[in-house]
Amino acid sequence: MHTLRHTISELIYSSPISSPAHFTHPHIHIYSHSIPAYLYIFVLFYDIILVNMLLKSRMSLAKLVMAKLLSVFLFMEVIASGFRFGVDGLRMDYYIMTCPFGEQIVKNAVDRALDDDPTLAAALVRMHFHDCFIEGCDGSVLIDSTQDNKAEKDSPGNLSLRGYEVIDDAKNQLEEQCPGVVSCADIIAMAARDAIFWAGGPIYDIPKGRKDGRRSKIEDTINLPFPTFNASELIRAFGQRGFTAQEMVVLSGAHTIGVARCSSFKSRLTGVDPTLDSDFAKTLSKTCSAGDNAEQPFDATRNDFDNLYFNALIRKAGVLFSDQTLLTNAKTRAAVNGYAMNQAMFFLDFQQAMVKMGMVDVKEGGKGEVRHNCRKIN
């Protein structure tokens, strides 16, 4: 199954052609020129060839349809690869001339790591979120602490982050192929996207061109959402970064993969929590009997990206208080119910919200750099 999905992703992301277009989206504005006539001519010419092949050979209708679908995918990619985002400098084809195989290098590194350890999919997505929520999507979460500076990764909220070696592996290969070109911030964003697809989630492209930040301080992580936040606090925290309540809910759906440690939910077990199913409370208590570091999956398919997380909330089986509160709040309940009933809608909204999250406070030009080593500032 993974092999088929990887083949499809390579078909969609491998086109080197870049053509401008105009596209509108409720949250993202993409600007460019009109689509050149030669692209339409190309597709028309390709259709004529296909019909001719059907008439002159024994080519089946099914094969014709498949060939036509591939041409549509190619045409869509030709259009999409030229998109220019409202954030200056970010483009889908940012590395097409300077590091054309950069995305494939990252994808291969992610696929190898997840084939060995599927739990890293959730870790890479979480790393991207923790990076973007503090100082923007600038790779600051990767920086190691020094004698003079305590970095973000050493804060209590980040101590459980994993997957740094996957980013290092991709960066080392990129530095061999195209030194000083691909930023660590872009690597995190691409790795999260590829991890979601590997786990069975939606396939989507992201704009590239982020620069790496030069600041990483432990005190900044106070702005990370806490697992004890209620829905109103979550709405406010995400709203400060430009997200709606609905976008906050759909991004919370990333908890469909991964686990939570007992230390982050044991406070729910000390009294009677009316939002927690009594049988599930026993399950959480059994987990915590193994200690604060014991892990509890967010839903029944911890390594599969699906909508079971939202179904768990409806059953009052959300692991974290900040999960279950999404069902109890009137401003977020409808989104939870909608995503529980419609996985396709969840996938569509999730990929759009992830693209938006990946553009939070990005550094461009002289405001950042391309680190040679993701763990330290140049």
Side-chain angles (χ1 to χ4, degrees), residues 118-119 121-123 125-126 129-130 156-162 199-201 224-238 245-347 349-350 353:
T119 67
V125 176
R126 184 166 178 248
F129 172 78
H130 281 231
N158 284 337
L159 288 178
S160 59
L161 289 181
R162 300 186 303 128
L224 283 171
F226 287 88
T228 56
F229 273 14
N230 60 37
S232 296
E233 291 170 316
L234 289 170
I235 290 171
R236 182 166 56 252
F238 278 78
Q246 178 268 331
E247 289 169 334
M248 180 272 290
V249 173
V250 77
L251 287 173
S252 297
H255 281 174
T256 187
I257 51 176
V259 299
R261 295 186 177 184
C262 173
S263 57
S264 63
F265 60 79
K266 66 179 182 180
S267 60
R268 303 184 69 194
L269 307 174
T270 56
V272 179
D273 185 343
T275 68
L276 181 61
D277 176 77
S278 57
D279 288 336
F280 190 63
K282 295 176 183 177
T283 298
L284 296 183
S285 296
K286 183 178 180 180
T287 297
C288 285
S289 66
D292 281 358
N293 289 328
E295 296 177 342
Q296 175 66 40
F298 285 111
D299 64 29
T301 55
R302 62 174 288 178
N303 296 323
D304 295 336
F305 198 98
D306 49 37
N307 68 336
L308 293 191
Y309 163 81
F310 295 106
N311 285 278
L313 300 187
I314 292 176
R315 299 192 311 271
K316 294 186 177 181
V319 177
L320 304 178
F321 178 79
S322 58
D323 291 323
Q324 195 61 54
T325 187
L326 301 179
L327 184 69
T328 59
N329 188 285
K331 294 181 179 179
T332 53
R333 186 183 304 122
V336 171
N337 288 325
Y339 295 140
M341 292 187 293
N342 191 332
Q343 180 169 282
M345 181 173 69
F346 166 50
F347 278 22
D349 290 350
F350 182 82

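Small disclaimer: the values here were computed from a predicted structure and weren't measured.
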So, [X] side chain and [Y] main chain: donor-acceptor pair closer than 3.5 Å or not?
| X | Y | value |
| --- | --- | --- |
| D292 | S263 | no |
| Q343 | N307 | yes |
| R126 | R162 | no |
| R302 | G258 | no |
| R333 | T328 | yes |
| T270 | K266 | no |

- request: Step by step, work out the side-chain contact (heavy atoms from CB on, under 4.5 Å) result for V125 and F305.
  value: CA-CA 11 Å; V125 176; F305 198 98; over 6 Å; no
message: Does K282 form a side-chain contact (heavy atoms from CB on, under 4.5 Å) with D279? I'd like the steps, not just the answer.
response: CA-CA 5 Å; K282 295 176 183 177; D279 288 336; 4.1 Å; yes
Which atom pair, heavy atoms only, marks the closest approach of [X] to [Y]?
| X | Y | answer |
| --- | --- | --- |
| Q296 | T287 | OE1-OG1, 2.6 Å |
| A353 | V250 | CB-CG1, 3.6 Å |
| L327 | I314 | CD2-CA, 3.8 Å |
| P297 | V319 | O-CG2, 3.4 Å |
| G318 | L276 | O-CD1, 4.2 Å |
| F238 | M248 | CD1-CG, 3.3 Å |

Report, one line per pair, each donor and acceptor closer than 3.5 Å where one atom sits in a side chain of residues 225-234; sequence neighbours left out.
| residue | atom | partner | partner atom | Å |
| --- | --- | --- | --- | --- |
| N230 | OD1 | S232 | N | 3.1 |
| N230 | OD1 | E233 | N | 2.8 |
| E233 | OE1 | N230 | N | 2.9 |

- request: Go through F346 and D306 one step at a time and tell me if the side-chain contact (heavy atoms from CB on, under 4.5 Å) criterion holds.
  value: CA-CA 9 Å; F346 166 50; D306 49 37; over 6 Å; no
Inter-residue atom distance [X].[atom1] - [Y].[atom2], 0.5 Å rounding:
| X | Y | atom1 | atom2 | answer |
| --- | --- | --- | --- | --- |
| R268 | C262 | CZ | SG | 12.0 Å |
| I235 | T332 | CD1 | OG1 | 5.5 Å |
| N337 | L326 | CG | CG | 11.5 Å |
| S285 | F265 | OG | CZ | 8.5 Å |

Residue pair N158, L224: steps toward the side-chain contact (heavy atoms from CB on, under 4.5 Å) verdict: CA-CA 9 Å; N158 284 337; L224 283 171; 3.7 Å; yes
task: Using ring pair (Phe, Tyr, Trp, His ring centres under 6.0 Å) as the criterion, point out the one residue from F298, Y339, F350 that pairs with F310.
output: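 It is Y339; the other options fail the test.
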message: Is a donor from one side chain sitting under 3.5 angstrom from an acceptor on the other, for T256 and D299?
response: yes
field: Donor-acceptor side-chain pairing of Q324 and T275 below 3.5 angstrom
entry: no
